[in-house]
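Just follow the structure's listing: the first ligand is 1, and inside any ligand the first atom is 1. Just the heavy atoms: all of them, side chains too, but no hydrogens, waters or symmetry mates, feed the values below.
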Amino acid sequence: MPGLFDYLPLAAEGSPVPQPGMRVQVSFGPRVRVGMIVALAQESDQEPERLKPILALLDPQPLLGADDLELILWAADYYRQPPGEALFSALPARLRRAEPPLAPVEPGQPGWRLTAAGRDQAPGTRAPRQAEIQHLLGDHPQGLGEAGLRSRLGEVKTPLRALAARGWIEPCQLLGEEPVKTPESGPELNPRQTEAIAAVSAALDRFQPFLLEGVTGSGKTEVYIRLLLRVLEAGGQALLLVPEIGLTPQLRRRLARRFPGRLAILHSALNATERERAWQAAASGAADLVLGTRSAVFVPLPRLRLILVDEEHDLSFKQQEGFRYSARDLAVRRAQRAGCPLVMGSATPSLESLRNAATGRYRRLELPERAGAAAPPAIGLLDIRAQPLRGGLSAVLIRLMREQFDAGNQVLLFLNRRGFSPVLTCHACGWVGDCPHCDARLTLHLADNRLWCHHCGLTRPIPLACPQCGGLDIRALGQGTERLAGELQALFPDIRVARVDRDSTRRKGELDRLLAAALAGDYPLLVGTQMLAKGHHFPRVTLVGILDADNGLYGSDFRAAERMAQLVIQVAGRAGRAERPGRVVLQTHHPDHPLLQTLRRQGYPAFAAAALRERREAGLPPFTHQALLRVEANAREASLGWLRLAREAASQLGGPRISLFGPVPAPMERRAGRYRAQLLVQARERPELQAFLALWVPQLYGIKGQGAARWSLDVDPQEMY
Ligand code: ADP
Ligand code: ZN
Ligand code: ZN
């Protein structure tokens with residue numbers, strides 16, 4: 001395998017025996033670097049005198065077992081990434097450097113954790129330190145020591161005492177014997193849930209992928225929980241992958257209540273030490289259940305018996321830089337290696353997974369109805385052609401909103417663009433605020449009174465006068481969530497508006513607070529980006545308005561329509577989750593668009609079937625398989641020129657039957673001052689694509705480029721930018 005290097009064992013007498021899965025220090029060229037042993041060999045292709053000894057063994061025990069190593073190396077091979085990069089991105093951050101693993105925590109050290117009452121309690125705003133402790137403990141179902149709390153928050157004695165006095169936290173023992181607590185029990189299952197659980201339970205001793213297709217609110221999570229209970233009772237470990245943990249405090253709390261003391265959470269909001277502890281707890285077998293985002297697919301789990309992938313269609317399972325892997329696809333491979341079932345759940349499955357279900361590779365399980373009493377929302381299209389709009393809202397939508405407010409209900413408005421407005425323009429000369437480094441407009445953010453480029457992060461003050469003509473009439477055009485929230489406040493002065501997007505939730509804990517307050521009914525009107533579309537339950541929401549669905553109808557990416565449909569259904573799923581029926585209104589300039597019509601009249605499955613037919617006819621994934629070679633350089637000619645050489649190298653290979661498209665400039669050609677271009681590789685069958693890449697990629701390393709050209713390869717790309 002390319003990217004692997006041979007070394008001699010440690011020179012010194014009586015040194016520990018190297019084993020696969022241990023990290024080492026070795027000299028590599030002029031530098032000393034950290035590497036990992038992947039295999040012990042008896043011979044080498046290298047000249048004996050050129051072989052160097054390992055300088056140091058960094059781990060007393062292997063960090064990764066044979067199964068873990070094999071999965072990661074398989075992934076490196078499949079995605080054509082250097083094995084070292086794959087191995088090290090699978091490790092907790094500290095262990096990527098030459099640091100020793102953390103010493104195990106002495107079991108039984110005293111700590112604090114939330115009580116059931118504390119978990120249900122929305123952290124107050126009046127005692128910020130207490131609220132911070134609540135958030136931290138919420139992320140650490142196994143509890144945190146006082147030292148751990150102090151290292152992050154400073155002195156915590158007083159707020160801890162106050163929280164304990166309220167009965168919101170309680171002392172516990174860290175990672176030791178958890179006092180056995182009675183987990184909360186769930187609702188009585190409906191027949192479809194029972195059926196799904198029975199099907200998976202019958203396959204617990206073998207590899208079998210399932211696609212759990214259940215409309216939002218149909219009780220998929222309840223199915224996961226029952227399956228997890230079963231696996232954990234039998235002494236197994238389970239992995240639950242979710243797109244973004246930060247967005248699902250409700251799921252975190254629900255799992256903590258149902259699996260007290262057995263859950264390890266792996267996510268980006270943890271600091272390095274905490275991540276490593278959670279990773280250790282999984283690898284040592286101390287934690288039975290791991291809830292994590294995409295990189296958790298690599299976490300060692302010696303007794304793994306079940307993998308769940310929630311919202312399997314979500315783009316965030318695909319890493320878009322560095323080691324570009326799909327955690328969902330690797331989960332299938334991992335389940336296969338572990339000989340256990342895998343359940344991928346979604347209300348809006350990806351076309352890839354639907355195709356796998358159609359061919360019988362995945363078994364399909366359906367939950368066609370909402371659990372409990374909730375009725376599905378009706379989706380209506382609102383033709384806004386030539387309609388006067390106020391704040392982007394048509395008069396009809398404004399009237400519908402008012403009706404809901406008057407009835408004491410909640411309304412959710414969805415606009416997938418944050419900020420105040422996409423463009424600042426001069427009314428006199430038409431100047432617009434472009435980013436000097438990207439083919440993109442600057443976005444106006446009023447909160448910090450600046451213009452931002454969402455692509456390279458450039459920021460500048462808002463000009464007082466037009467940079468081009470000096471005119472003073474500078475206006476904001478178009479709309480983002482920030483502007484929308486402001487205009488809504490003017491339209492409905494008596495209504496409290498909550499805005500949920502990346503900007504408004506930057507402060508730690510703010511998202512939890514907003515969601516809890518929204519749930520409690522403090523905000524009759526919720527405005528947000530796709531953050532609001534993911535997994536939350538708002539039982540009081542009876543009307544959902546989608547303001548910019550048209551973007552998805554005419555996007556440049558062939559997946560744009562699929563994404564739009566998923567978003568519409570997911571957003572719609574936020575409405576009417578309990579006894580109050582919901583209604584969804586989609587404002588559009590294209591009410592007759594066939595995909596919108598299919599989606600509205602017949603729902604997502606019919607839409608997906610139509611989209612799959614189109615893909616088949618166009619010869620696009622999932623009926624073909626792709627890899628995208630991307631290059632960026634200091635000049636357009638340099639990036640295109642590099643790709644032409646790559647294409648030439650491909651044509652000389654002969655062999656596997658593949659098609660090449662390009663090179664072409666990327667849809668956003670200029671970003672952060674660099675020129676981007678791409679070349680698409682497509683094959684009818686996956687093995688053909690893999691065979692081609694195996695020959696082609698090694699050649700790419702030899703292509704000398706101009707203009708500091710840098711390339712990267714994306715196998716099974718999800719986005720074509
Ligand atoms: P999903 O994950 O499909 O969105 P959930 O499992 O979160 O659905 O269920 C949605 C809501 O319905 C939750 O409040 C859950 O407690 C409730 N629920 C789930 N299953 C049942 C059931 N069998 N009977 C009554 N309520 C249920
Ligand atoms: Zn001007
Ligand atoms: Zn920029």
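- Between the side chains of Tyr675 and Asn634, no donor N or O sits under 3.5 Å from an acceptor N or O.
- Distance check for His437 against the Zn ion (ligand 3): none of its N/O/S atoms falls below 2.8 Å.
- The part of Gln193 lying near ligand 1 is the side chain, judged by heavy-atom distances below 4.0 Å.
- The heavy atom nearest to atom 15 (C) of ligand 1, considering only Arg254, Arg226, Arg192, Glu311, is found in Arg254.
- Which parts of ligand 1 touch Leu189 is read off a 4.0 Å heavy-atom cut-off, strictly below it: atoms 23 (N).
- If you put the vertex on the Zn ion (ligand 2), SG of Cys469 and SG of Cys466 sit 110° apart, to the nearest 10°.
- Residue Pro187 touches ligand 1 through its side chain alone, judged by heavy-atom distances below 4.0 Å.
- Counting only N and O atoms by type, the side chains of Thr459 and Arg450 include a donor and acceptor under 3.5 Å apart.
- Judged by distance alone, the side chains of Ser346 and Glu213 never bring a donor and an acceptor atom under 3.5 Å apart.
- Remark: ligand 1 atoms within the under-4.0 Å shell around heavy atoms of Lys220 are 1 (P), 2 (O), 3 (O), 6 (O), 8 (O).
- Side-chain contact check for Gln320 and Glu719: at least one donor-acceptor pair (N or O, by modelled atom type) lies under 3.5 Å.
- Within ligand 1, the atoms closer than 4.0 Å to a non-hydrogen atom of Glu188 are 22 (C), 23 (N), 24 (N), numbered from 1 in the order shown.
- Of the residues listed (Leu354, Val568, Thr598, Val215), the one engaging Tyr604 in a side chain to side chain contact (heavy atoms under 4.5 Å, CB included) is Leu354, and it is the only one.
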Test log, rule side-chain contact (heavy atoms from CB on, under 4.5 Å), inputs Leu239 and Leu291: CA-CA 6 Å; Leu239 174 63; Leu291 170 65; over 6 Å; no
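- Atoms of ligand 1 found under 4.0 Å from any heavy atom of Asn190 (numbered from 1 in listed order, with element): 23 (N).
- With a heavy-atom cut-off of 4.0 Å, Thr221 touches ligand 1 through backbone and side chain alike.
- For the 3.5 Å distance criterion, the side chains of Ser201 and Arg230 qualify, holding a donor opposite an acceptor.
- Arg563 and Gln718 form a side-chain donor-acceptor contact under 3.5 Å, judged by distance and modelled atom types alone.
- The closest approach between any non-hydrogen atom of Gly214 and ligand 1 is not below 4.0 Å.
- Relative to atom 9 (O) of ligand 1, the option among Gly186, Pro191, Gly219 with the closest non-hydrogen atom is Gly219.
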